[in-house]
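Working notes for the structure below.
All values derive from a computational prediction rather than experimental measurement.
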Amino acid sequence: SMVQPSPATQPPQMKAGGITALKMRDGGVVKASNGFFADVTNNPGNIRTGAGFIGESGSEKGFATFSDPIYGMRALARLPSTYANEYGINTVEGFVSRYAPRSENKESFDNYINFLSRQLGVRPDQEVDFADPQVRQAMLPAIMDFEQGAGYSDRYDPSMFSAAVAAADLEDPEDIMTAFSSARSPDETKQAPFIPGISAAQASTEDAGDTPILDFFGVPPTSPLRTG
């Protein structure tokens, strides 16, 4: 069936006995101890709050929450082209240096670069066009698996990634919904086993977000969207 993003609602709260968060030593990075943190936030890339992406619904432990996972994927797909166009970033090393800087992810920084490079089939210092939709489509599951844990992206049909990339550079809500409509819903009964990942990124979202607008259902989001 086609994906129909849910209306913006209050983000789910951390509950005793449910998904709990652990504060990591460096940079206050949050990871779920007994599940995927993105199950709470709908933010598979662990993007920091503050950029005002379309579909952003609030904040949890300093990370943006989204009203539906596909909005979180769209935000993640938007960042590489922003980095390329606004900051001239064109290597995996440069991307990770901004997305998850060594100063905040000392133990995982080199692993992150090597992992993403292998997934894209390039050297860390090799020039990459991050505005290329095919590159971004390959980056989405790689970043999601590194951030959330091995196997996280398996729950989603590849059409979700291509739809998120197609919507990433669109601004008009109707156009974005049309792009989303090409995605097939994940099999809700298929939940990948939790395998702790290497780290979570603190994505630098300055100037990477969207202009504040009403959400796709004609009402203001639960938390005011902020311009980056």
Side-chain angles (χ1 to χ4, degrees), residues 3-24 27-79 82 99-100 104 140 143-144 146-149 152-153 155-156 160 163-164 167-168 170-173 176-177 179-180 183 185-186 188 191 194 197 199-228:
V3 168
Q4 294 296 327
S6 56
T9 57
Q10 290 289 346
Q13 300 298 310
M14 297 286 190
K15 296 180 179 179
I19 295 177
T20 55
L22 297 178
K23 187 172 183 179
M24 307 301 281
V29 176
V30 176
K31 255 198 168 317
S33 62
N34 61 338
F36 293 113
F37 188 55
D39 290 339
V40 174
T41 63
N42 288 329
N43 178 3
N46 289 336
I47 296 171
R48 283 293 188 180
T49 190
F53 288 103
I54 290 174
E56 192 173 333
S57 59
S59 178
E60 184 70 55
K61 304 292 184 182
F63 296 90
T65 60
F66 292 88
S67 58
D68 190 276
I70 200 166
Y71 288 113
M73 291 184 205
R74 175 188 175 272
L76 181 57
R78 189 177 175 89
L79 285 175
T82 298
Y99 189 78
E104 298 170 350
L140 281 184
I143 293 173
M144 289 162 61
F146 196 92
E147 291 291 330
Q148 302 302 323
Y152 173 82
S153 67
R155 65 172 63 184
Y156 295 111
M160 290 280 284
L170 301 176
E171 305 291 344
D172 182 79
I176 291 172
M177 291 299 286
F180 284 168
S185 298
E188 298 298 339
Q191 296 293 327
F194 177 66
S199 81
Q202 295 186 76
S204 174
T205 57
E206 183 180 357
D207 299 325
D210 294 297
T211 302
I213 62 169
L214 295 179
D215 73 11
F216 296 150
F217 300 89
V219 295
T222 55
S223 295
L225 293 180
R226 298 166 294 280
T227 33

task: Quick one: do F63 and V40 satisfy side chain to side chain contact (heavy atoms under 4.5 Å, CB included)? Show the steps, please.
output: CA-CA 10 Å; F63 296 90; V40 174; over 6 Å; no

Min side-chain heavy-atom separation Y71-F53 under 4.5 Å: no

task: Begin with the C-alpha distance, continue with both residues' side-chain angles, and end with the deciding distance and a verdict on side chain to side chain donor-acceptor pair (under 3.5 Å) for D39 and Q148.
output: CA-CA 10 Å; D39 290 339; Q148 302 302 323; over 6 Å; no

task: Might you point out which heavy atoms bring L140 and A77 nearest each other, and give the distance in Å?
output: CD2-N, 3.8 Å

- line: Interatomic distance, CG@N43 vs OG1@T65, rounded to 0.5 Å, equals 8.0 Å

field: Polar side-chain atom of R74 near backbone of F180 as donor-acceptor pair, under 3.5 Å
entry: no

task: Quick one: pull up CE in M177 and CG in L170 and give me the separation to the nearest 0.5 Å.
output: 12.5 Å

- prompt: Quick one: are E147 and P44 in side-chain contact, heavy atoms under 4.5 Å?
  reply: no

- prompt: To the nearest 0.5 Å, how far apart are CE in M144 and OH in Y156?
  reply: 6.0 Å

query: Is E56 close to T49 at the side-chain level, that is, under 4.5 Å between some pair of heavy atoms?
result: yes

- prompt: Between I143 and G45, what is the shortest heavy-atom contact and its length?
  reply: CG2-CA, 4.5 Å

query: Any idea which heavy atoms bring R48 and K61 closest together, and the distance?
result: NH1-O, 3.5 Å

- line: Nearest heavy-atom approach of A163 to A179 is CB-O, 3.4 Å

- line: One should read off an interatomic distance between T41 OG1 and N46 CG, to the nearest 0.5 angstrom, of 6.0 Å

Atom of I176, atom of I54 and distance for their closest heavy-atom approach: CD1-CD1, 3.6 Å

